[in-house]
S.K.: 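Shown below is the structure under consideration.
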Amino acid sequence: ATGPFALLGRQHEAVVGLTGSQSGYLAGNHSYTANPVGNIFAWDGSYAEPAWGNFRALQDDRTRQSAVYGAMRLSLADDLKLIVGGRQSRWETRSLSETRKHHVFTPYAGLIYDLDPTYSVYASYTDIFNPQNYQDVNGAYLDPVMGKAYEAGVKAAYFGGRLNASLAVFRIAQDNVGVQDDNALVGGTANATYRGEKGVTSKGFEAELSGELAKGWQMTAGFARALARNADASRLQPQRPQNMAHVFTSYRLPGALSAVKIGGGLQWHGATYATLTTSTGVAARRDQGSVTIASLMASYDVSRQLSVQLNVSNLFDKNHYDFAGSQIYYGAPRKLLLTAKYDF
């Protein structure tokens, strides 16, 4: 529920709400009796279905979350707004081995000052509470990520709000951040093990420009730099890039061709690497330089209700890798996706 209220001769806004969700994750296998194939050189490749035994649950997690939240947007002056709020969260999950519960209050606050009709500056603070289902080498679940986040920036609205720009700087301090622990697995499962890093700090900035440059011409472009460090100042999760940039644009053709829209974009990220210790105790590292991926799109409005669109991702079929912990996967190759949309 949200609405205005009057206080000390000024108009303010308030919001209160309630949210809840539940989810489940079940994994396991069946015992079975294998059938021998005999002489493999005479085997024709056929294989009878085994006799399956009962299902055995190896992981059964049931999670419930609920929260009540509220916030006020206080008008301290015509050009100065204060936002204060909080969220009381209740989180509970039951697994085969244990039940975990957390009841946490997370406050936040922000201050916005309008310099003029175009520019405004702001500063904000919030607590962080993020439960996680990662397990360590002993099978114990990691505690929730806890921390504090600070942000300040400037925003601008040009051409009556059709073009928006923003620049923000941030600093985040967190404990219990889950980091994959080499290639070790949780006993009896295929799940990777994690460790909770304490004293993790992240700082950086983000800049973005988005909106309408001219009639029918839309664009969004941005750059972000984030430096994440462990308590000992070493780089945290180097498989994630520290620098990222993107630019996307689209243009709807004028006049008789207004049913056609074309566009494209580029995504770039800086160098990354993954490290692990092999089964023989050798430290290994794989580096990847910066990567740029291009994409294209075209759409056509067949009628007011029906439209078709073609998207081409990784236009030049760039060979690259996705790092996940100490694992390395090939990134998605060139892909074409044709969709049709009908609005009733």
Side-chain angles (χ1 to χ4, degrees), residues 153 155-159 161-170 180 202 204-228 235-275 285-302 306-343:
K155 294 186 177 183
Y158 304 104
F159 310 122
R162 294 193 304 273
L163 182 64
N164 297 286
S166 65
L167 174 64
V169 294
F170 61 88
Q180 188 170 334
S202 302
F205 70 90
E206 297 177 350
E208 187 170 61
L209 181 69
S210 64
E212 187 177 45
L213 299 178
K215 185 177 181 180
W217 183 15
Q218 301 285 333
M219 187 195 75
T220 176
F223 178 85
R225 176 173 172 82
L227 304 176
R235 182 174 173 180
L236 178 72
Q237 296 179 321
Q239 68 273 18
R240 297 181 179 180
Q242 294 185 144
N243 301 299
M244 300 180 68
H246 69 271
V247 58
F248 294 98
T249 185
S250 65
Y251 180 67
R252 184 170 292 278
L253 302 184
L257 298 176
S258 62
V260 178
K261 182 168 68 174
I262 56 175
L266 297 172
Q267 285 183 300
W268 172 90
H269 69 71
T272 54
Y273 66 88
T275 59
R285 170 169 164 166
R286 174 72 183 203
D287 287 84
Q288 176 173 247
S290 60
V291 175
T292 302
I293 302 296
S295 62
L296 287 179
M297 64 80 62
S299 68
Y300 177 69
D301 296 332
V302 181
L306 178 63
S307 63
V308 293
Q309 181 168 315
L310 176 66
N311 289 82
V312 184
S313 57
N314 196 356
L315 175 65
F316 300 109
D317 203 21
K318 174 74 173 181
N319 185 24
H320 64 290
Y321 304 104
D322 287 334
F323 294 157
S326 59
Q327 303 296 313
I328 303 174
Y329 303 90
Y330 280 106
R334 182 190 298 117
K335 182 173 67 175
L336 283 74
L337 180 65
L338 180 64
T339 59
K341 180 181 178 182
Y342 187 87
D343 294 324

S.K.: Quick one: NE2 on His246 to CG on Leu266, what's the gap to the nearest 0.5 Å?
M.R.: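 It comes to 11.0 Å.
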S.K.: Kindly compute the distance separating CZ (Phe205) from CG (Leu167), expressed to the nearest 0.5 Å.
M.R.: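 The CZ atom of Phe205 sits 7.5 Å away from the CG atom of Leu167.
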S.K.: Please name the pair of heavy atoms, one in Lys155 and one in Ser166, separated by the smallest distance, quoted to 0.1 Å.
M.R.: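 So the minimum-distance heavy-atom pair works out to CG-CB, 4.0 Å.
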S.K.: What distance separates Ser313 OG from Lys335 NZ, expressed to the nearest 0.5 Å?
M.R.: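 Here the rounded value is 5.0 Å.
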S.K.: If you take all heavy atoms of Arg225 and Phe223, which pair is closest and at what distance?
M.R.: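 In this case the closest contact between Arg225 and Phe223 is CB-CE2, 4.0 Å.
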S.K.: Which value, rounded to the nearest 0.5 Å, describes the distance between Leu310 atom CG and Ser299 atom OG?
M.R.: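 It comes to 10.0 Å.
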S.K.: For residues 211-220, which side-chain N or O atoms pair as donor and acceptor with protein atoms under 3.5 Å away, sequence neighbours left out?
M.R.:
{"from": "Glu212", "atom 1": "OE2", "to": "Gly216", "atom 2": "N", "distance (Å)": "3.4"}
{"from": "Trp217", "atom 1": "NE1", "to": "Thr249", "atom 2": "OG1", "distance (Å)": "2.6"}

S.K.: Taking side chain to side chain donor-acceptor pair (under 3.5 Å) as the test, write out the residues that go with Glu206, two or more places apart.
M.R.: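 Counting only residues at least two positions away or on another chain, Glu206 forms no side chain to side chain donor-acceptor pair (under 3.5 Å).
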S.K.: Show the nearest heavy-atom pair for residues Phe248 and Gly265, with the distance to one decimal.
M.R.: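 The pair with the smallest heavy-atom distance is CD2-CA, 3.5 Å.
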S.K.: Go through it in stages, so that I can follow the logic: the residues are Leu209 and Leu163, the test is side-chain contact (heavy atoms from CB on, under 4.5 Å), and I'd like the CA-CA distance, side-chain angles, deciding distance and then a yes or no.
M.R.: CA-CA 7 Å; Leu209 181 69; Leu163 182 64; 3.9 Å; yes
S.K.: Contact between Gln309 and Met297 at the side-chain level, heavy atoms closer than 4.5 Å - yes or no?
M.R.: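 When only atoms from C-beta onward are counted, Met297 and Gln309 do touch, with a gap below 4.5 Å.
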S.K.: Can you sort out the partners of Gln267 under side chain to side chain donor-acceptor pair (under 3.5 Å), two or more places apart, ordered by chain and number?
M.R.: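 Partners of Gln267 by the side chain to side chain donor-acceptor pair (under 3.5 Å) criterion come out as none, since no residue qualifies.
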S.K.: Once rounded to the nearest 0.5 Å, what's the spacing between atom CG of Asp287 and atom OG1 of Thr275?
M.R.: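 If I round to the nearest 0.5 Å, the distance is 10.0 Å.
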S.K.: Start with the C-alpha gap between Val291 and Ile293, add the side-chain angles, then the distance that decides, and say whether side-chain contact (heavy atoms from CB on, under 4.5 Å) holds.
M.R.: CA-CA 7 Å; Val291 175; Ile293 302 296; 3.8 Å; yes
S.K.: Side-chain atoms of residues 314-321: list all donor-acceptor pairs with protein atoms under 3.5 Å, sequence neighbours left out, distances to 0.1 Å.
M.R.:
{"from": "Asn314", "atom 1": "OD1", "to": "Asp317", "atom 2": "N", "distance (Å)": "3.4"}
{"from": "Asn314", "atom 1": "OD1", "to": "Lys318", "atom 2": "N", "distance (Å)": "2.7"}
{"from": "Asn314", "atom 1": "ND2", "to": "Lys318", "atom 2": "O", "distance (Å)": "3.2"}
{"from": "Asn314", "atom 1": "ND2", "to": "Ala332", "atom 2": "O", "distance (Å)": "2.9"}
{"from": "Asp317", "atom 1": "OD1", "to": "Arg334", "atom 2": "N", "distance (Å)": "3.0"}
{"from": "His320", "atom 1": "ND1", "to": "Lys318", "atom 2": "O", "distance (Å)": "3.0"}
{"from": "Tyr321", "atom 1": "OH", "to": "Arg286", "atom 2": "NH2", "distance (Å)": "3.0"}

S.K.: Does anything in residues 250-266 form a side chain to side chain donor-acceptor pair (under 3.5 Å)? List the pairs, not counting sequence neighbours.
M.R.: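 For residues 250-266: Arg252-Asp301.
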S.K.: Test side-chain contact (heavy atoms from CB on, under 4.5 Å) on Asn243 and Trp268 and set out the steps.
M.R.: CA-CA 8 Å; Asn243 301 299; Trp268 172 90; 3.7 Å; yes
S.K.: Out of Leu306, Ile262, Val260, which one pairs with Tyr300 under the side-chain contact (heavy atoms from CB on, under 4.5 Å) rule?
M.R.: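 Testing each of Leu306, Ile262, Val260 against Tyr300, the sole residue satisfying side-chain contact (heavy atoms from CB on, under 4.5 Å) is Val260.
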S.K.: According to side chain to side chain donor-acceptor pair (under 3.5 Å), who are the partners of Arg240, at least two apart in sequence or on a separate chain?
M.R.: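 For Arg240 the side chain to side chain donor-acceptor pair (under 3.5 Å) partners, ignoring immediate neighbours, are Gln237.
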S.K.: Over all heavy atoms of both residues, which pair between Ala157 and Gly161 is shortest? Give the atoms and the distance, please.
M.R.: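 Smallest interatomic distance, heavy atoms only, reads CB-CA, 4.1 Å.
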S.K.: Can you list the steps and then say if Leu337 with Thr339 is a side-chain contact (heavy atoms from CB on, under 4.5 Å)?
M.R.: CA-CA 6 Å; Leu337 180 65; Thr339 59; 3.9 Å; yes
S.K.: So which atom in Ala228 and which in Ser202 form the shortest heavy-atom distance, rounded to 0.1 Å?
M.R.: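 Where Ala228 meets Ser202 most closely, the heavy atoms are CB-OG, 3.7 Å.
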